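Counting starts at 1 for both ligands and their atoms, in listed order. Remember, it's a predicted structure, so these values are computed and weren't measured experimentally.
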Amino acid sequence: MPAGPRWNEMIERVKGSIRGTVQGVGFRPFIYTLARRHGLSGYVRNSPDGVEVEVEGPLAGIERFFEEVEAQPPPLARIETVIRRPMPSWGDKRFVIRDSLPRGEKDALIPPDVCVCSTCLAEMRDPADRRYRYPFINCTFCGPRYTIVKEVPYDRPGTTMAGFPLCEACRLEYEDPLDRRFHAEPIACPECGPRVSLCDAAGRPFEGEDPLSAACSLIESGHILAVKGLGGFHLAADAAQDEALKRLRSRKRRDGKPFALMVKDLAAARRIAVFNQAEARCLSSPERPIVLLRKRRGHGLSDEVAPRSRLFGVMLPYTPLHALLMEGRFPALVMTSGNRSGEPIQIDNGEALTDLAGIAEGFLLHNRDIHIHCDDSILRVVAGSPSPMRRSRGFVPGPVHLPEALKDLPPVLAVGAEQKSTVCLTKGGRAFLSQHIGDLHNLETLCVFERTISHLEGLLGVQPQVLARDLHPDYLSSVFARARTGCPVVPVQHHHAHIVSCLAEHGFEGPVIGLAMDGTGYGPDGTIWGGEILLADWVSFERAGHLEGVPLPGGDAAVRHPWRMALAYLDQVFGDGLFGLKIPLLDELDPGQVELVLQMCRTGLNAPPTSSCGRFFDAAAALIGLRRSVTYEGQAAFELEMCQSRTKTKGYPWRVSPLDDGSWLLEAGPIITALVEDLAAGKPAGIMSRRFHLALIEMLSEVCRGIREQTGLSVVALSGGVFQNATLLEGLTGLLERGGFTVLSHRLVPCNDGGLSLGQAVCVALQTTGWSGRFAGGDHQAGSGAVACGGRWGRTT
Ligand SMILES: [Zn+2]
Ligand SMILES: [Zn+2]
């Protein structure tokens, strides 16, 4: 036999197109090292849709190379596809890293901002290192990404680091494929990179060598400091100092809403809070969200941090600057977003100095621009799984992967609702949710909203073909959508969007029994929905039941003043008999105001009917005497959950009755009546709260059983802002699962309106491609016969 190369020693050349989160995560050096280890020549470069690699060498080596690419990518990389194509061999001698390809379709995914890695932290603390105590140290595996990127491909000139030319030492690291800072786009050092500075409220610079230790001293001595971070400014103060926090509350006009805390490390977190392993994992994950944890007895912090709550919102330092700041002598820092009440978080030095001047007593600034704001993410661990309340820094712009059936949808931009606004852009089988934008009530937030949309469209290279909006015609997001020309705009009912959002996360088409327990949302019948039981799939729904409607006296005023809701329920249940009830709340209210609100309720003037579950909680909280007025939506309901007693008790009686249209009415009367009896008997608030929760859990679970009997549906999807209530979520999930149901709840996006845009996008994308749902009833009312009710049922004692 002639001697020649065996088949697997033949020289071949293969081109690989790698898609996913592969830029800005150390992918090219990884490929470079790997190719050299396998003795392959060729090149690697960033392309607009990911990373392009060509390798040449023996086939066996090429095979092993591609196996390892997929098996052991760098920690932050997320490979979605690798497409291989044979190429004519070229005869390269070396393997090189080439310049990025600038044009073409953009499909590379920009990674989220990632917390500083332990190697960088160790260098920062090493007096011999040239980046000793340098607050902008980063590497290929850590540091800012989304908040500094202006355009793709992700290269330094396309970031806010463009204005910092590399010094010789940094350039060598940046260009050395074997260095851990090879092509780390935000690479910097004290020689060539950004710097921090400290100034007073008037913008006058502080004297002194080290702005960071001076900043620590300011905080230690009880001052409020504005700190420019990764995705915006924080207002920072010592969490153990009452006076500082009181000033912060009054200046920010933030009454009662808990402040977030930053602690040095897990050990410091343990001194103020009690948490399990799942919670510890979330705390120290690279996303570094704020995690809600149970307060530890004797935590030693001020009561001003989180009044009336059993929880602290805690995060660990996520930038080197924060790590240095946390060297100060305080047990924890309050780190609340640097904005005036209701406005977006500040990202610009000049604007912060003007806007926060009335709040902060010092400013810790730096000169690395934040291109797009990104608030801290917030989550709570429920039954061992993270339940996001705000999906923002660390997670955005990571995609939510949609099921296979949704792969070839047209690009849709969904503009969300009005509160906790986010937008969602779909591209192929992926949905990109924006960072938290805030409540769209003012011009500033609307500007951030529009900027976020164009930023996302630019990064993804997507021009939406269809827009999805909420059914509410007057939401600013709806107004924006209608004003944008060139695209059809499709409305989606609020609570259907909530349920679809949950379904999309789980890749489940439906049909399901969807429980949308929520604040308020526009119903197709012109009333305000919010305690809805829907039969739903991705594109259609039918109302199978709802909480009993009551007037919402004064509209938004009723949201701000839960006592109005309490009155609305009392009036509905007792009529004029309410004046004979022994309820402390009634004695405290101004008779003139009571008269006015009752008039609204009875005439229906400025009092649209609502079936909102959030408002039902508000009413209970006000009746129990927890809170007559609130400063943020959901405050009363949150405090109701927090005050629950752990004593074993029974839920209030409840009743469900059939309506003429074939759907179920979940009556409020029996619950309110029993609650009023407890009030008259002087029962403790904690017991009443517990009984209220138990009644809802039992009633909702029983309604699901009833619907299962009639429809055969046994999958339940839970969504809507009320499910931020862990007692309700955990209790209902448990009861349903024990009853043989499969329960879907949110793990990736919030159950509140922050996750709504995902549901809108998926629903509209499918509708435009001609999907027809099972419940495509014209007016979305019940009556298709899917549910046929029997008699009324319930528990009476
Ligand atoms: Zn690092
Ligand atoms: Zn340098």
Side-chain angles (χ1 to χ4, degrees), residues 21-33 72-78 110-149 154-157 159-197 211-212 229-231 264-266 283-289 315-327 366-369 374 393-395 398:
T21 308
V22 289
Q23 292 188 10
V25 292
F27 211 81
R28 286 172 298 169
F30 156 71
I31 292 285
Y32 177 90
T33 316
Q72 304 151 2
L76 300 177
R78 297 283 175 274
I110 301 297
D113 302 294
V114 187
C115 76
V116 58
C117 74
S118 53
T119 317
C120 283
L121 275 183
E123 281 182 13
M124 186 184 78
R125 292 190 170 125
D126 174 6
D129 194 278
R130 69 188 190 89
R131 293 188 179 88
Y132 177 57
R133 292 184 64 79
Y134 182 57
F136 303 96
I137 189 168
N138 65 80
C139 72
T140 319
F141 302 114
C142 76
R145 298 288 188 271
Y146 179 62
T147 52
I148 62 163
V149 179
Y154 171 60
D155 277 333
R156 193 169 173 103
T159 71
T160 61
M161 288 300 290
F164 297 96
L166 295 179
C167 70
E168 190 56 21
C170 283
R171 198 179 57 76
L172 286 173
E173 292 172 330
Y174 183 84
E175 288 174 355
D176 177 2
L178 299 176
D179 193 277
R180 62 183 204 89
R181 294 198 169 85
F182 174 71
H183 276 266
E185 307 302 342
I187 185 177
C189 78
E191 271 314 298
C192 65
R195 286 160 191 235
V196 288
S197 58
L212 266 156
L230 190 58
K264 196 173 175 185
D265 48 26
L266 279 180
L283 267 180
S284 43
S285 67
E287 293 88 7
R288 292 285 156 97
M315 63 182 149
L316 298 184
Y318 51 87
T319 68
L321 188 148
H322 293 140
L324 290 168
L325 197 62
M326 294 314 296
E327 289 176 359
H366 62 71
N367 58 349
R368 185 178 71 199
D369 286 344
C374 204
R393 176 187 50 75
F395 296 94

Can you measure from [atom1] ([X]) to [atom2] ([Y]) and round to the nearest 0.5 angstrom?
| X | Y | atom1 | atom2 | value |
| --- | --- | --- | --- | --- |
| Thr33 | Phe182 | OG1 | CZ | 9.0 Å |
| Arg131 | Cys170 | CZ | SG | 4.5 Å |
| Ile148 | Tyr154 | CD1 | OH | 4.5 Å |
| Ile137 | Cys142 | CD1 | SG | 7.5 Å |
| Ile187 | Asp179 | CD1 | CG | 7.0 Å |

Tell me the protein N, O or S atoms under 2.8 Å from the Zn ion (ligand 2), in chain and number order.
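Correct list: Cys167 SG, Cys170 SG, Cys189 SG, Cys192 SG.
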Presence of salt bridge, Arg180 and Glu123, under 4.0 angstrom:
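Counted as a salt bridge, because a side-chain N and a carboxylate O are separated by less than 4.0 Å.
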Determine, for Arg28 against Glu175, whether the closest basic-nitrogen to carboxylate-oxygen distance falls under 4.0 angstrom.
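The answer is no: the pair does not qualify as a salt bridge.
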Distance below 2.8 Å from the Zn ion (ligand 1): protein N/O/S atoms
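Protein N, O or S atoms closer than 2.8 Å to the Zn ion (ligand 1): Cys117 SG, Cys120 SG, Cys139 SG, Cys142 SG.
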Over 60° means perpendicular and under 30° means parallel, so classify the ring planes of His183 and Tyr174, tilted if in between.
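If you compare the ring of Tyr174 with that of His183, the planes turn out tilted.
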How about Tyr132 and Tyr134: are their ring centres within less than 6.0 Å of each other?
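Ring centres of Tyr134 and Tyr132 not closer than 6.0 Å.
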